[in-house]
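What follows is one structure encoded as structure tokens, with my remarks underneath.
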Amino acid sequence: MPELPEVETIVRLLRPDLVGRTVLAANVRWARTIAFPSVRTFKRQITGQVIQGVTRRAKFLHLQLSTAELLIHLRMSGDLALKQPGARPSKHDRLILLLAPAGRSASSQAPSTPASAARDSIINLVFNDTRKFGRVWLTKDARDVTGRLGPEPLERRFTVRRLYLALHARHRQLKPLLLDQTFIAGLGNIYTDEALHMARLHPLARADSLTERQARRLHAAIRTTLREGIRRNGASIDWVYRGGDFQNHFRVYDRAGKPCPVCATKIKRLIVGQRGTHICPHCQKV
DNA sequence: CATCAACCCTGAGAGC
DNA sequence: TGCTCTCAGGGTTGAT
């Protein structure tokens with residue numbers, strides 16, 4: 001399931017191939033993928049738009065277009081990839097954008113070399129999503145979609161002090177709070193479990209019970225875990241493979257019954273806020 | 001504000 | 001082999 005590091009990986013991978021291209025057409029193969037506007041309006045408005053930037057906000061991919069913003073949330077099983085225009089759509093392709101080569105005047109066209117051939121040709125941006133939870137928005141203002149998100153954990157503004165104060169404003173279990181995208185943006189089930197273990201905090205601990213020292217540990221653990229995820233190109237689990245290998249370095253996630261990397265105690269699986277949760281009972285106490 | 005359950009979906013894995 | 005059943009999981013919504 002794509003979380004912040006997986007989305008960041010996809011953004012970095014796609015950006016060089018997308019910027020400058022023009023959307024020629026949209027093929028919507030599963031109507032509910034388009035969260036806003038209607039499919040008809042979506043097709044009309046996106047056609048002719050030039051991709052000017054590809055960024056990330058929390059778990060959203062954000063494509064800056066000429067006069068609109070395209071936001072994509074991969075949810076559980078979504079993936080984005082480039083395919084040759086001739087390729088037959090696969091079973092779970094939900095949206096396909098036909099993209100013209102990056103603009104240049106016809107007279108100054110450079111001779112094509114094998115290495116640059118792909119960039120000079122039409123290509124498909126394919127949104128594949130087995131479970132159909134992923135959604136796409138096309139809007140004039142990205143804040144319509146992302147406006148209520150909490151702070152980006154890797155930004156400078158996300159300080160220990162800010163986290164400590166925010167934690168003490170809430171009386172909630174730690175893990176559901178960290179999964180709440182309006183509290184902090186980008187963490188999902190995997191990175192939350194990993195960060196809590198690194199910070200030696202129990203997922204059921206009350207947010208407002210944390211000491212400053214514990215808040216500092218949590219702050220560092222969140223950032224370290226996310227950065228390691230990005231460095232490893234994210235985790236490849238379920239049947240979505242994007243080249244990442246963070247799944248081979250999990251401390252606790254999906255490792256019930258296996259030894260804690262710190263103390264070798266058997267890792268336990270419990271349910272917290274309706275989510276499968278993995279802890280080391282020795283390292284993480286309430 | 002906090003908590004909980006239902007919903008959206010599919011395919012993997014278990015049980016028979 | 002093939003059927004049926006259960007489950008996971010991000011985010012939203014509505015009830016308590």
Side-chain angles (χ1 to χ4, degrees), chain A residues 1-8 10 28-36 56-62 71-80 89-95 127-137 139 142 144-150 152-153 165-196 203-210 222 226 229 234-242 244 246-247 250 252-257 267-279 286:
Chain A
M1 51 229 84
E3 305 179 26
L4 188 155
E6 286 75 28
V7 178
E8 179 67 25
I10 292 171
V28 180
R29 297 169 51 82
W30 177 252
R32 297 182 66 173
T33 294
I34 311 300
F36 182 89
R56 177 191 62 75
R57 171 74 169 106
K59 303 176 196 173
F60 289 85
L61 283 110
H62 183 179
L71 291 141
I72 303 171
H73 200 303
L74 303 172
R75 292 278 174 92
M76 301 296 304
S77 57
D79 198 9
L80 275 178
S90 52
K91 187 177 175 186
H92 303 305
D93 288 349
R94 308 302 181 192
L95 170 67
F127 176 53
N128 183 282
D129 182 25
T130 305
R131 292 183 185 171
K132 299 180 173 175
F133 285 173
R135 292 291 181 266
V136 172
W137 295 257
T139 173
D144 296 344
V145 180
T146 61
R148 297 180 54 197
L149 291 170
E152 282 287 324
L165 291 174
L167 288 167
H168 275 255
R170 309 295 290 273
H171 185 73
R172 274 181 85 179
Q173 296 168 343
L174 205 43
K175 173 161 174 174
L177 186 59
L178 294 176
L179 288 173
D180 183 339
Q181 302 296 299
T182 66
F183 182 81
I184 180 171
L187 293 177
N189 213 34
I190 295 174
Y191 292 90
T192 302
D193 279 5
E194 294 295 297
L196 285 173
L204 290 174
R206 292 288 158 175
D208 56 3
S209 75
L210 263 61
I222 289 169
L226 291 175
S236 305
I237 60 170
D238 291 345
W239 47 90
V240 177
Y241 179 72
R242 299 186 189 81
F246 188 61
Q247 71 278 11
F250 288 160
V252 289
Y253 184 81
D254 202 24
R255 294 192 63 243
I267 289 165
K268 273 183 64 179
R269 183 177 188 278
L270 47 151
I271 302 293
V272 177
Q274 302 168 277
R275 290 279 179 269
T277 300
H278 311 78
I279 64 160
V286 188

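Numbered from 1 within each chain, the chains take letters A, B, ... in sequence-line order.
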Quiz item: Which heavy atom in A/Gly276 sits nearest to a heavy atom in A/Asp193, and how many Å separate them?
Solution: O-OD2, 3.9 Å
Exercise. Answer yes or no: does a side-chain N or O of A/His73 lie under 4.0 Å from OP1 or OP2 of C/dG10?
Key: no
Quiz item: How close or far is atom C1' of B/dT10 from atom CZ of A/Arg131, stated in whole angstroms?
Solution: 6 Å
Pairs: protein N or O with nucleotides 13-16 of chain C N or O, under 3.5 Å:
none

Quiz prompt | Residues A/Glu6 and A/Lys59 bridged, charged N to O under 4.0 Å | solution = no
Quiz item: What nucleotide among C/dG11, B/dC9, C/dA8 has an atom nearest to a side-chain atom of A/Gln181?
Solution: C/dG11
Practice problem: Looking at every strand, decide which applies to A/Arg75 at a 4.0 Å heavy-atom threshold: base, sugar-phosphate, or nothing. | Solution: base
Quiz item: Are the charged groups of A/Asp180 and A/Arg172 less than 4.0 angstrom apart, N to O?
Solution: yes
Quiz prompt | Which atom of A/Gly134 lies closest to which atom of A/Phe127, heavy atoms considered | solution = CA-CZ, 3.8 Å
Check nucleotides 4-7 of chain B against the protein and report each pair of N or O atoms closer than 3.5 Å, with its distance, or say if there are none.
from	atom 1	to	atom 2	distance (Å)
B/dA5	N7	A/Gln274	OE1	3.1
B/dA5	N7	A/Gln274	NE2	3.0

Quiz item: How long is the line joining CG of A/Asp254 and C1' of B/dG13, in whole Å?
Solution: 14 Å
Quiz item: Once you round it to whole Å, what is the distance between P of C/dG10 and OH of A/Tyr253?
Solution: 7 Å
Quiz item: Which heavy atom of A/Val272 sits nearest a heavy atom of A/Pro176, and at what distance?
Solution: CG1-CD, 3.9 Å
Exercise. Pick out which of A/Glu3, A/Lys175, A/His278 makes a side-chain contact (heavy atoms from CB on, under 4.5 Å) with A/Thr192.
Key: A/Lys175
Quiz item: Which heavy atom in A/His168 sits nearest to a heavy atom in A/Leu210, and how many Å separate them?
Solution: NE2-O, 2.7 Å
Practice problem: For A/Arg135, report the nucleic acid contact type (base, sugar-phosphate, nothing); a contact means any heavy atom under 4.0 Å. | Solution: nothing
Quiz item: In whole angstroms, how far is the C1' atom of C/dG11 from the NZ atom of A/Lys132?
Solution: 18 Å
Quiz item: Can you tell me if the side-chain N/O atoms of A/Arg206 get under 4.0 Å from OP1 or OP2 in B/dT3?
Solution: yes
Quiz item: Rounded to the nearest 0.5 Å, how far apart are CG of A/Leu178 and CG of A/Asn189?
Solution: 11.0 Å
Quiz item: Rounded to the Å, how far apart are A/Asn128 CG and B/dC9 C1'?
Solution: 14 Å
Practice problem: Return the nearest nucleotide to the side chain of A/Thr130; candidates are C/dG10, B/dA2, B/dG11. | Solution: B/dG11
Practice problem: Mind calculating the distance between CG (A/Asp129) and C1' (B/dC8) to the nearest angstrom? | Solution: 11 Å
Exercise. Respond yes when some side-chain nitrogen or oxygen of A/His92 is under 4.0 Å from OP1 or OP2 of B/dG11, and no when none is.
Key: yes
Quiz item: What is the distance from CZ of A/Arg32 to P of B/dC9, rounded to the nearest Å?
Solution: 4 Å
Quiz prompt | Non-hydrogen atoms of A/Leu174 and A/Ala207 that approach each other most closely | solution = CD1-CA, 4.2 Å
Practice problem: Mind listing the closest non-hydrogen atom pair of A/Leu187 and A/Tyr191 along with its distance? | Solution: CD2-CB, 4.0 Å
Exercise. Nearest-nucleotide wise, let me know which of A/Phe133 and A/Pro176 is further upstream toward the 5' end of DNA chain B.
Key: A/Pro176
Quiz item: So does A/Lys91 get a side-chain nitrogen or oxygen closer than 4.0 Å to the phosphate oxygens (OP1/OP2) of B/dG11?
Solution: yes
Self-check item: For atom CG of A/Leu270 and atom P of C/dA8, their distance in whole Å
Solution: 13 Å
Quiz item: Is there a donor on the side chain of A/Arg275 or the base of C/dG10 sitting less than 3.5 Å from an acceptor on the other?
Solution: yes
